[in-house]
Amino acid sequence: MKGEPVALKDSFLKHVAQTSPFSHAFPVARAEGCRLWDTDGKQYLDFVAGIAVTNVGHCHPEVVEAVCRQAHLYAHTMVYGEHVQEPQVQLAEAIARVAPEGMDCTYFLTTGAEANDAALKLAVKLTGRSWIVAFHKAYHGDTLGALACFGEERFRHSFEALLKPVDFLPFGDFDALERITAEHAAVLVEPVQGEAGIRLPPPNWLVALRERCDQTGAMLIFDEVQTGFGRLGEWFAAGEWAGATPDVMTVAKGMGAGMPLAGVIAPRDMLWRFAADPPFSHITTFGGHPVSCAAGLAAMKVIEREGLLARARECGDYLRDHLRDIAAADDQLVDVRGAGQMTGVEFASEKRAREVVTAAMAEGLLLETNLMAEDVVRFSPPLTATRAECDEAIEKFAKALKS
Ligand code: PLP
């Protein structure tokens with residue numbers, strides 16, 4: 001390498017493109033379970049989990065083993081859909097076993113945004129309509145299709161010339177559902193809005209949304225990129241948790257246990273439409289990467305064997321109960337909400353939330369705010385987090401509040 005050696009952080013700031021002017025530039029050295037170490041050897045409890053990605057914890061030995069085994073066999077042989085690759089087949093079978101009835105087929109992709117784009121394309125193809133409904137403060141990713149559904153104008157406006165117009169409705173509003181019509185190809189919704197600050201829909205709202213889609217023929221797409229693969233203490237929000245099953249679910253994040261992997265899950269007859277009129281309607285080189293699928297399959301086995309769905313429910317409730325006790329004695333803490341291991345703690349101001357995230361980091365606890373709710377601090381630990389680890393997080397959080 002040419003030039004003087006520079007510190008890792010300086011080099012990061014110089015050579016790696018940033019996504020904001022205020023990057024933490026956190027120098028990560030290694031990670032295991034719910035813990036991360038920085039390059040100075042300081043240990044952190046990771047209650048962000050790559051934003052709801054490392055559901056079975058960092059470097060779970062079974063995931064690491066599956067990744068290494070598959071990398072030795074083959075990493076890539078042919079664009080997805082042409083070669084029969086065992087890890088894909090096994091993962092698709094495993095998903096079909098736990099997904100709501102009839103959702104028996106997975107179209108593998110790499111990122112959540114790409115999965116949402118594919119689902120929207122499918123809806124347009126199947127319905128012959130073109131209008132889409134999304135919700136205020138929705139986040140579905142940053143490709144052009146997903147970006148068009150971004151529920152906050154400031155994130156769209158620089159690119160508006162490239163985007164299809166979308167009808168935005170208020171999330172959780174029953175009356176607004178009347179504005180879904182037979183002109184709409186699809187309604188794209190997060191069962192729990194993540195980047196909006198962990199906003200849960202009111203009871204039965206998703207049921208009413210399902211009914212309205214049935215009346216109008218609009219396809220219902222659940223974006224389960226954050227909620228899927230156990231985050232809410234169920235495999236998916238779709239089904240029992242929501243009280244409704246969509247036509248299509250999109251998934252990513254926790255699916256690959258830290259490896260890049262996403263999918264559109266739907267009945268096979270529906271997904272088959274990608275293969276016709278024209279064939280190859282949605283193709284991608286790395287979708288369903290065999291190493292990622294091997295990791296995803298190993299993670300599903302871990303979730304089942306270690307009872308992580310139940311643990312996410314129990315430890316999530318436990319965490320929120322304690323955070324509510326803390327909130328009761330702190331007038332800057334406005335609300336604690338969530339489900340499973342998806343929790344939001346709302347502060348009276350963005351400034352206070354940011355101060356607390358910074359103070360928590362100094363205490364050795366990683367937390368984050370949300371893209372469209374910087375006054376809300378999110379707790380999204382691995383589903384492996386135990387009560388003892390939750391206690392540790394609560395203690396560090398309480399100390400951070402005092403600083
Ligand atoms: N949908 C939701 C609900 C998300 O939270 C995200 C990412 O945070 C995405 C889609 C985009 O996923 P990706 O970053 O993999 O494109």
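Along the sequence shown, residues carry numbers from 1. These numbers come from the heavy atoms of this one structure, side chains and all, not from hydrogens, waters or symmetry mates. Just follow the structure's listing: the first ligand is 1, and inside any ligand the first atom is 1.
The pair D247-R210 counts as a salt bridge, with a side-chain nitrogen and a carboxylate oxygen less than 4.0 angstrom apart. Salt bridge annotation for R30-E32: present, with a cationic side-chain nitrogen under 4.0 angstrom from a carboxylate oxygen.
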Going through the distances and angles, do E355 and T358 end up as a side-chain hydrogen bond (donor to acceptor under 3.5 Å, both in side chains)?
CA-CA 5 Å; E355 278 168 8; T358 307; over 6 Å; no
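When only modelled atom types and interatomic distance are considered, R231 and Q341 share no side-chain donor-acceptor pair under 3.5 Å.
Sorted by chain and number, the heavy-atom contacts of ligand 1 below 4.0 Å come from T111, G112, A113, N116, Y139, H140, G141, E190, D223, V225, Q226, K253.
A distance of 6.0 Å or more separates the ring centres of F150 and H140.
Here salt bridge (charged side-chain N to carboxylate O under 4.0 Å, His left out) pairs that include residues 124-142, with residues two or more places apart or in two chains, are K137-E152.
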